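What follows is a single structure, written as structure tokens, with notes after it.
Only a predicted model underlies this, so the values are computations on that prediction, with no experimental measurement involved. Each ligand, and each atom within it, is numbered from 1 in the order the structure gives.
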Amino acid sequence: MAHRWQNDLSPADVTPEAVFLNRRQFIAGATGLGLATLAPPARAETLEPNSWEEITSYNNFYEFGTDKSDPAKYAGAMTTEPWSVQIDGLVDRPGDYDFKDILSEMTIEERIYRFRCVEAWSMVVPWNGFEFADLLSLAGVQDGAKYVAFETLYRPDEMPGTRFPVLDWPYREGLRLDEAMHPLTLIATGIYGKPIPNQNGAPLRLVVPWKYGFKSIKSIVRITLTDTQPPTSWNMAIPREYGFYSNVNPNVDHPRWSQASERVIGGGLFSKRVPTLMFNGYENEVASLYDGMDLAKYY
Ligand SMILES: Nc1nc2c(c(=O)[nH]1)N[C@H]1C(S)=C(S)[C@@H](COP(=O)(O)O)O[C@H]1N2
Ligand SMILES: [Mo]
């Protein structure tokens, strides 16, 4: 598939990880030598991807517990082979799509995206994957489809967190069809060129970089094309706090905290807060999807 979206970072920025660390030191050193003008502006600096360690040990995957360290501890028990995705609803070719067969049809590319959790922390992740629109073409979207509903695996004997009614399992998410078809909307199958770890949503998870992280549903087993807005887990749990759209928006606060800024994960002593960007920095690409919509009402 031709690339329909131009990354603002080059793959050379990603590998190997050691290069990042060295470059960070170089930037710090250069600043010390009075070459401060070479240092990137504060917000752009966060586009340096987080480390593998940060991305794979600080997670939200409530099926394995609510602590950020639970998924790395417990998600290893999730069986990811074999894996298939049921694609149904308003599609021409409904059925169970084996993950390996899906992969054989897709061209994997790298996408370095900002990732912003509704809890006001953020990372930058070098995903590997394919555009969700390409998966939809496999199944063939029918006229009349307006939304896409997603479901995560629900297997209680492998998912200790599902013993607690934190959410109405299985974890469910949804997008409007035009959001789902947007070239930024990715199915991630890897990170840093390696298969995606279970705690990050193996073997395939959604990534919608202009929306709060909970929209990026993990370990997908079902995709349904519908003509009505599907129920979604966080919205069902606390509708006042978690809307269906959940676009990153520094001007619309969460009822219990500000969304104007975010804590950048990593950097140890150097961890910092930065201003949150409209649509998480993807405003030019996605703002037109919401022309004429009141973003405070459709939060
Ligand atoms: N199935 C499922 N998907 C999920 C979640 C979850 O608890 N279960 N958490 C969401 C939230 S709140 C965030 S911030 C991201 C975290 O992704 P990461 O752990 O890969 O950083 O996954 C999202 N997808
Ligand atoms: Mo999140």
Worksheet item: Looking at residues at least two apart in the chain, or sitting in another chain, which of them share a side chain to side chain contact (heavy atoms under 4.5 Å, CB included) with Lys73?
Response: Ser69, Asp70
Item to complete: With sequence neighbours excluded, tell me which residues meet side chain to side chain contact (heavy atoms under 4.5 Å, CB included) with Ser261.
Response: Arg273
Practice prompt. Let me know which protein residues bring a heavy atom to under 4.0 Å of ligand 1; chain then number is fine for ordering.
Written response: Asn59, Asn60, Phe61, Tyr62, Glu63, Phe115, Cys117, Trp121, Thr152, Tyr171, Asn200, Arg205, Gly213, Phe214, Ser216, Ile217, Lys218
Worksheet item: Under 4.5 Å between any side-chain heavy atoms of Thr224 and Pro230, yes or no?
Response: no
Worksheet entry | Carboxylate-amine/guanidinium proximity below 4.0 Å for Glu179 and Lys215 | no
Fill in: Parallel, tilted or perpendicular, as decided by the 30° and 60° cut-offs, for the rings of Phe150 and Phe132
tilted
Worksheet, complete the sentence: Contacts satisfying salt bridge (Lys or Arg N to Asp or Glu O under 4.0 Å) that involve residues 222-234 (not counting sequence neighbours) are Asp88-Arg222, Glu151-Arg222
